[in-house]
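Note on naming: letters A, B, ... go to the chains in the order of the sequence lines (proteins, then strands), and numbering restarts at 1 for each one. All figures in this text were calculated on a predicted structure; none of them were measured in a lab.
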Amino acid sequence: MENVGGAGAGAGAGAGTVTATDTPSLPPNMTIYINNLNEKIKIDELKKSLNAVFSQFGKILEVLAFKTLKHKGQAWVIFEDVSSASEALKRMQGFPFYEKPMRIQFAKTKSDIVAKADGTFVPRERRKKHDERADRKKREHHHDGNHAGGGLSAAHGGAYGATPPLSQLPLGVAKMPEAPAPPNNILFVQNLPTETTPMMLQMLFCQYTGFKEVRMVETKPGIAFVEYGDEVQSTVAMQGLHGFKITPQNPMHVTYAKK
DNA sequence: AGCACA
């Protein structure tokens, strides 16, 4: 008859009511800081892949990464708004990127590009290595209003420890983050029916200006490379033939080949 | 591990 819910002290003690989140205690920021990145990846490719993987969460203003000793394996992705950054942090935490799980935090400080847009940018010579709050001068009430209004309204309910939502992410992106490969005069064709021959592909692709040749890899059925004179021509062909069905079950998947 | 503004 008695409700046991009252002050049931000790009931939850065993499980540890406070889930120890290793997550940084940093406040939300438009910029996320990522480390544990695969250091073998070239900076340029890394930035492109980060851009590809994170743009699903909102507009990205900039991706920064450096190869210096102190900063390799790390990157900053600057979003247009805090909510995009928050979402990206939550959703991509631990994401296997080039075979290493991403570790994501909010950046410690505001990015220059944001500060510039803010009007609060101060050249770094001044704040070289010390904290930004130099002298604490007593200011008059300059109620200028909060920056950007409700920008900091955290959309997360604090529900950390949730399962990594890898299943919600596009599958191809886990192993091949560079989804939008850079333009290339060579196209990569996938999802071909096994019986596809080079001749069949030539009939399709030679309709487009600049066609040079089809190459198929015998040991790997279902894929082909098609070369054009330049990447404008290959782009036209890609747009024309992507999704084309040689059989009803096989819409062609056409992308730029990797270099 | 490591928080910059190439």
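- Side-chain atoms of A:Glu39 lie closest to B:dA1 of the nucleotides B:dA4, B:dA1, B:dA6.
- In this structure, A:Lys70 reaches the B:dA4 phosphate: one of its side-chain N or O atoms is under 4.0 Å from OP1 or OP2.
- Between A:Phe66 and A:Leu69, it is A:Leu69 whose nearest contact on DNA chain B lies nearer the 5' terminus.
- Note on A:Lys59 versus A:Asp81: no salt bridge recorded, every NZ/NE/NH1/NH2 to OD/OE distance being 4.0 Å or above.
- One interatomic measurement links the two molecules: CZ of A:Phe106 to P of B:dA4, which rounds to 18 Å at whole-angstrom precision.
- Distance CD (A:Gln105) to C1' (B:dG2): 11 Å, rounded to an integer number of Å.
- The separation between A:Lys116 atom NZ and B:dC5 atom P is 11 Å, rounded to whole Å.
- Remark: P of B:dG2 and CD1 of A:Ile34 are 17 Å apart, rounded to the nearest angstrom.
- For B:dA4, the base has no donor-acceptor partner in the side chain of A:Thr31 [N/O atoms by modelled type, under 3.5 angstrom].
- Of the two residues contacting DNA chain B, namely A:Thr68 and A:Lys72, the nearest-nucleotide position lying further toward the 5' end is that of A:Lys72.
- Look at CG on A:Asp112: it is 16 Å from P on B:dC3, rounded to the nearest Å.
- Atom CD1 in A:Ile32 sits roughly 17 Å away from atom P in B:dA4 (whole-Å rounding).
- OP1 or OP2 of B:dC3 has not a single side-chain nitrogen or oxygen of A:Arg103 nearer than 4.0 Å.
- When rounded to the nearest whole Å, the span between CG of A:Leu46 and C1' of B:dA4 equals 14 Å.
- Residue side chain A:Trp76 meets the stacking definition with respect to B:dA4: its ring centre sits within less than 5.5 angstrom of the base's six-membered ring centre, and the planes differ by less than 30 degrees.
- For A:Leu26, the side-chain atoms get nearest to B:dC3 when compared with the rest of B:dC5, B:dG2, B:dC3.
- In this structure, a donor-acceptor pair under 3.5 Å is absent between the side chains of A:Glu39 and A:Tyr98.
- Relative ring orientation between A:Trp76 and A:Tyr33 is described as tilted, the plane-to-plane angle lying within the 30° to 60° band.
- If you measure from atom CD1 of A:Ile60 to atom P of B:dC5, you get 20 Å, rounded to the nearest angstrom.
- Between A:Asp112 and A:Lys116 there is no salt bridge, since no side-chain N of the basic residue sits under 4.0 Å from a carboxylate O of the acidic one.
- For A:His71 and B:dG2, the shortest distance from a side-chain N or O to OP1 or OP2 is not below 4.0 Å.
- Using a 4.0 Å cut-off between charged nitrogen and carboxylate oxygen, A:Glu213 and A:Arg215 count as a salt-bridge pair.
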